[in-house]
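Worksheet: one structure, shown below.
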Number of protein chains: 2
Amino acid sequence: MAEREVDRSVSQTVKAQLALRDQILSGSLRPGERISELQAVETTGASRTPVRMALVRLEEEGLLEAIPSGGFMVKAFSERDISDSIELRGTLEGLAARFAAERGVSARELEPLKECLGAIDELLRQVPISIEAFSSYVALNARFHALLTELSRSPPVIRQIDRASALPFASPSGFVMAQSALPEAQQILIIGQEHHRVVIDAIENREGARAEAVMREHARLAVRNLRLALRNRTHLDLLPALALIKTATD
Amino acid sequence: MAEREVDRSVSQTVKAQLALRDQILSGSLRPGERISELQAVETTGASRTPVRMALVRLEEEGLLEAIPSGGFMVKAFSERDISDSIELRGTLEGLAARFAAERGVSARELEPLKECLGAIDELLRQVPISIEAFSSYVALNARFHALLTELSRSPPVIRQIDRASALPFASPSGFVMAQSALPEAQQILIIGQEHHRVVIDAIENREGARAEAVMREHARLAVRNLRLALRNRTHLDLLPALALIKTATD
DNA sequence: TGTATGCGTTATGTATACAATAGCGGGGAG
DNA sequence: CTCCCCGCTATTGTATACATAACGCATACA
């Protein structure tokens, strides 16, 4: 195999894992489809050992499912699986927010969150919001949630939230926001931003219960949003994870 | 390698994973200790490939930590990590209980749980409880919690709870209950049993909020129990996960 | 005597060869 | 014509060989 170009800067396992996850979330690999190791070796450029390690990681991550007779298939999710995952994440984030509030955080630790908040405010001020701004929002929002999670200072909770985020926050590289969905999405984003503000305030004032409650409400908003999107077939691009929902034909 | 005895009834990877997890939870491998693949190959009887797969799975499971320079070490947990894990699990079980209550369950589905409940009642009736009965309790309690989790009918939640259970429910093969700790443990078990009864009742009557609340209370009881056990240095054997707590000397 | 550098050993990351099994297709018999 | 059985092929599970990087020790120089 002299023709293989090996990139030594990052481990083959990680490279394969990223490539495969991208293929799954972008829909190149359809739900229920069996993953061929050989094919994965070709598309990722790594050899079978790292590919298998990546497959094991993705299975543990919940994106793949082991086939009893051997090998892995892309896991198929129902609409309720996705909505449950969102609520699950909200519940865990609620716990994280409560921990942060109860344990107390310094002004210094809250600073990056407030900056994030300000940056999002800036973006949402545009009416209607542009596609570029929306993309920035997606990144900023993810950052906000990650920072909030960290604020709990609880490694087990942080870890668990990371694992619960695969579905609700799936963001493959091919992510594009549909133009027509922007105004409706912006409305939702504005409400969500209000939640963000409340949780920060609650944490600052060490109101654990309030911090927890608002994150749960935040998740419920996301669930309602998901339902609406599916029913109206609008702004589906908002949630890349929808690619993983098993269709009626399957 | 003619001398190697291969057991074909179960995959080498699974065998290695079970063996290694047991070594970790039983304390054969100390927290912070680097795991030698070579040594693992010898103790598990599998070859390096399945051993590595098992190591990856255990890392994803949270019992191992990747070392930047390569390889894995046994993860060390603080007392708060354990208590957070317990609260985490309680929060997730609360969500599961709420889902079960909101979505409704048939009498048929509740039956095994009630049987479990009855069997535990039977055990707790002895005063003081015997060591054998206590061991049975550990199994029955785990079964009750697993059944309750399943009742949510939410694969993502069930999955997440399974992953969150490693620490709170760690039950290595060498598990033994200290005689002197029995009376105190029995008191705690009786209170816990009351929680079990309430959650069943709440689910039956479709009271989601109450079902969720009692599971959270259940977790808080376990946390208080943990604190007490650590402070008084009593019934430490109750929680095998304590073997993973990093000592001050580390 | 202490520190730095270089070499050797060892362990991990990767690749590939081998083995076993499951699925599929063809052929034969009823 | 259909159904069952046998064999083949393709793919996974396992083992091992090879390469590379890190750690430690020893030696030499400051």
Side-chain angles (χ1 to χ4, degrees), chain A residues 1-21 23-24 28-30 32-61 63-75 250, chain B residues 1-21 23-24 28-30 32-61 63-75 250:
Chain A
M1 268 285 158
E3 64 203 299
R4 180 165 313 183
E5 256 341 286
V6 255
D7 177 7
R8 295 277 172 214
S9 67
V10 51
S11 90
Q12 297 295 302
T13 303
V14 171
K15 196 179 69 175
Q17 190 179 353
L18 293 175
L20 284 171
R21 178 160 39 205
Q23 286 180 38
I24 295 166
S28 303
L29 296 165
R30 306 273 292 270
E33 186 175 337
R34 189 198 193 103
I35 291 199
S36 157
E37 286 184 7
L38 244 61
Q39 192 180 321
V41 163
E42 287 184 12
T43 60
T44 63
S47 81
R48 273 192 67 211
T49 306
V51 161
R52 282 179 66 72
M53 306 254 289
L55 290 175
V56 167
R57 288 203 135 91
L58 289 168
E59 186 210 351
E60 295 287 326
E61 210 169 286
L63 288 177
L64 297 182
E65 198 173 355
I67 299 172
S69 69
F72 300 94
M73 53 178 270
V74 179
K75 209 160 171 177
D250 290 343
Chain B
M1 268 282 156
E3 65 203 296
R4 180 165 312 183
E5 253 345 283
V6 256
D7 177 7
R8 295 278 171 213
S9 67
V10 52
S11 91
Q12 298 295 302
T13 302
V14 171
K15 195 179 70 174
Q17 189 179 353
L18 292 175
L20 286 171
R21 177 161 38 204
Q23 286 180 36
I24 295 167
S28 303
L29 296 166
R30 305 273 292 269
E33 187 175 337
R34 188 198 194 102
I35 291 199
S36 159
E37 285 186 7
L38 206 62
Q39 192 180 321
V41 164
E42 288 182 12
T43 61
T44 64
S47 81
R48 272 192 68 211
T49 305
V51 162
R52 282 178 66 72
M53 305 256 287
L55 291 175
V56 167
R57 288 201 134 93
L58 290 168
E59 186 211 352
E60 295 287 326
E61 211 169 287
L63 288 176
L64 297 182
E65 199 172 355
I67 300 172
S69 67
F72 299 94
M73 53 178 269
V74 180
K75 209 159 170 177
D250 289 343

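Only this structure's heavy atoms are used, side chains among them; waters, hydrogens and symmetry mates stay out. Chain letters run A, B, ... following the sequence lines, proteins first, then strands; residues in each count from 1.
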(message) Whole angstroms only, please: what is the CG-P distance between B:Leu55 and C:dA11?
(response) 15 Å
(message) Rounded to whole Å, please give me the gap between CD in B:Gln39 and P in C:dT12.
(response) 10 Å
(request) Quickly work out the B:Glu33 CD to C:dA11 P distance and round it to whole Å. (result) 14 Å
(message) It should be established whether A:Ser47 places a side-chain nitrogen or oxygen under 4.0 Å from OP1 or OP2 of nucleotide C:dA15.
(response) yes
(message) As an exercise, state the distance from OG of B:Ser11 to CE of B:Met53, rounded to the nearest 0.5 Å.
(response) 8.0 Å
(message) Test your reading of the model: is there a side-chain donor-acceptor pair from B:Glu33 to the backbone of B:Arg30, 3.5 Å cut-off?
(response) yes
Between protein and nucleotides 8-12 of chain D, what N or O pairs are separated by less than 3.5 Å?
from	atom 1	to	atom 2	distance (Å)
D:dT12	OP1	A:Ile35	O	3.3
D:dT12	OP1	A:Glu37	N	3.4
D:dT12	O3'	A:Gly71	N	3.4

(request) To the nearest 0.5 Å, tell me how far A:Leu58 CG sits from A:Leu64 CG. (result) 5.0 Å
(message) I'd like to know if B:Glu65 and B:Lys75 make a salt bridge, using a cut-off of under 4.0 Å between side-chain N and carboxylate O.
(response) no
(message) In this structure, how many angstroms lie between the P atom of C:dA20 and the CD atom of B:Gln12, rounded?
(response) 12 Å
(request) Might you work through the side chain to side chain contact (heavy atoms under 4.5 Å, CB included) test for A:Val74 and A:Leu63, ending with a clear yes or no? (result) CA-CA 6 Å; A:Val74 179; A:Leu63 288 177; over 6 Å; no
(message) Rounded to whole Å, how long is the line connecting atom CD1 of A:Ile67 with atom C1' of C:dA22?
(response) 12 Å
(request) Flag the pair B:Thr44 / B:Leu20 as yes when at least one side-chain heavy-atom distance between them is below 4.5 Å, and no otherwise. (result) yes
(request) Classify the side-chain pair A:Thr43/A:Gln23 by whether it contains a donor and acceptor separated by less than 3.5 Å. (result) yes
(message) Could you work out, with side chain to side chain contact (heavy atoms under 4.5 Å, CB included) as the rule, every residue matching B:Leu18, not counting sequence neighbours?
(response) B:Val14, B:Arg21
Check nucleotides 6-10 of chain C for protein N or O atoms closer than 3.5 Å to its own N or O atoms and list the pairs.
none

(message) Nearest whole Å is fine: how far is C:dT12 C1' from B:Leu64 CG?
(response) 15 Å
